[in-house]
*Asks:* 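To start, I am sharing the structure in question, which I have written as structure tokens.
Just so we're clear, the structure is a prediction, and the values are computed from it rather than from any experiment. Atoms within a ligand are numbered from 1 in the order they appear, just like the ligands themselves.
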Amino acid sequence: MRTNYHTHTARCHHASGADADYVEAAIQAGYSVLGFSDHCPWPFKDWFTVPVRMDWDELPGYIQSIRALGEAHKNRLTVLCGLECEYFPQHLSTLKEMTSQVDYLILGQHYDTTADVQAFVGDLPDLASSRKYLDLCVEGLSTGLFSCIAHPDIFLLPFNEFSPELASMSRYLCRAARSMGIPLELNLYGVRKQVRQPWEGYPSGLGYPCPAFWRIAAQEGCTAIIGVDAHTPDALRDPELPLMAAMYLDALGIERVEQLRRGNKL
Ligand SMILES: [Zn+2]
Ligand SMILES: [Zn+2]
């Protein structure tokens with residue numbers, strides 16, 4: 001069964017193609033389930049001037065468009081409407097409000113707002129900041145609102161070497177996800193961005209997916225779901241990368257999850 005729950009739309013300003021083109025690509029590629037999970041809006045305009053997400057007033061149109069496509073193609077493909085969201089404790093009520101309107105959420109914690117100023121996870125300055133970031137992720141997972149954690153190894157971006165500290169931080173996140181029965185996402189956007197052979201990490205610094213992280217995930221008995229993280233319809237047409245990802249997880253002995261489940265409609 002071919003599924004993908006991580007798909008963006010042009011609304012996030014860094015993806016392209018019409019919503020219908022993603023659906024068409026998924027049908028051609030033989031998917032059974034296509035879940036859209038565009039970057040959710042947040043109501044605080046002052047903080048998020050970086051245009052990497054839909055505007056607040058685009059949310060109803062997004063949901064409407066995905067629902068209409070689902071209805072139109074229901075005999076060929078299950079189309080789900082989700083969102084990729086951060087967890088910001090101060091906006092929990094907004095998060096719950098969004099949850100009630102969609103099929104599922106994936107936790108994509110790109111920013112840490114435990115400080116006054118938002119910081120991109122890849123720019124966090126030291127281990128202490130990254131630890132706080134991971135605490136935020138674990139707290140987010142424990143709300144029970146998220147069906148999986150997207151690119152769980154993205155917190156490794158600021159570092160050059162996989163140290164014992166980073167190993168224990170990886171273990172902390174893996175254990176938390178495992179204990180809550182939440183799958184980790186093996187993110188193929190990360191692979192597509194890598195310039196060397198996939199799975200070997202970035203030439204400088206640690207990229208995602210990070211092999212050292214995934215070895216720990218295997219030791220901790222985590223489950224995993226493969227996420228295309230499509231920012232173009234063509235990303236869904238690539239048959240090779242999901243296959244490589246599946247072989248990679250199988251070789252590590254990590255159980256693959258193909259369908260997301262949660263207290264929603266999946
Ligand atoms: Zn993401
Ligand atoms: Zn994404």
Side-chain angles (χ1 to χ4, degrees), residues 3-17 19 21-22 25-26 31 33-42 47-48 50-55 58-59 62-63 66 79-88 91 95 98-99 102-113 118-124 130 133-134 136-138 140-141 145-158 173 177 182-194 202 206-210 213-214 224-236 238 241-242 245 260:
T3 63
N4 174 49
Y5 292 82
H6 198 156
T7 312
H8 290 281
T9 78
R11 293 170 190 80
C12 70
H13 311 283
H14 60 285
S16 57
D19 299 348
D21 296 340
Y22 286 88
Y31 278 93
V33 176
L34 179 69
F36 282 87
S37 53
D38 211 357
H39 295 286
C40 77
W42 289 107
W47 281 18
F48 286 91
V50 185
V52 295
R53 54 185 71 248
M54 70 177 81
D55 292 334
E58 286 181 292
L59 183 59
Y62 165 71
I63 295 171
I66 306 308
V79 178
L80 298 170
C81 183
L83 287 167
E84 179 177 13
C85 299
E86 283 84 3
Y87 166 68
F88 298 133
H91 294 290
L95 188 66
M98 288 191 284
T99 311
V102 297
D103 297 318
Y104 67 99
L105 303 183
I106 62 177
L107 178 65
Q109 192 76 31
H110 309 95
Y111 295 97
D112 174 9
T113 53
Q118 63 151 336
F120 175 60
V121 56
D123 297 329
L124 293 176
S130 296
Y133 163 89
L134 287 181
L136 197 64
C137 291
V138 170
L141 292 179
L145 295 173
F146 295 99
S147 301
C148 80
I149 174 165
H151 40 65
D153 36 1
I154 197 172
F155 77 95
L156 297 168
L157 274 178
L173 184 60
I182 296 174
L184 310 173
E185 181 207 52
L186 188 71
N187 185 281
L188 299 187
Y189 189 49
V191 177
R192 292 196 297 277
K193 282 192 293 189
Q194 289 185 34
Y202 289 87
L206 297 174
Y208 63 93
C210 170
F213 175 93
W214 285 95
I225 184 158
I226 295 165
V228 176
D229 199 357
H231 288 73
T232 63
D234 273 351
L236 293 165
D238 177 1
L241 224 44
L260 289 183

*Asks:* Does the plane of the ring in Y189 sit parallel, tilted or perpendicular to the ring in H231? Use 30° and 60° as the thresholds.
*Replies:* parallel
*Asks:* Can you find a side-chain donor-acceptor pair between H151 and E185 that sits under 3.5 Å?
*Replies:*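 No donor-acceptor contact under 3.5 Å links the two side chains.
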*Asks:* Where the side chain of D229 meets the backbone of N187, is there a donor-acceptor pair that is under 3.5 Å apart?
*Replies:* no
*Asks:* Salt bridge or not between R11 and D19? Use side-chain N to carboxylate O under 4.0 Å.
*Replies:* yes
*Asks:* Show all protein N/O/S atoms under 2.8 Å from the Zn ion (ligand 2), or state that there are none.
*Replies:* H6 NE2, H8 NE2, E84 OE1, D229 OD1
*Asks:* Of all N, O or S atoms in H110, which has the smallest distance to the Zn ion (ligand 1)?
*Replies:*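 It is NE2 of H110.
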*Asks:* Is it true that E86 and R53 make a salt bridge, defined as a side-chain N closer than 4.0 Å to a carboxylate O?
*Replies:* yes
*Asks:* Can you list the residues that meet the side chain to side chain contact (heavy atoms under 4.5 Å, CB included) rule with A10, with sequence neighbours excluded?
*Replies:* none
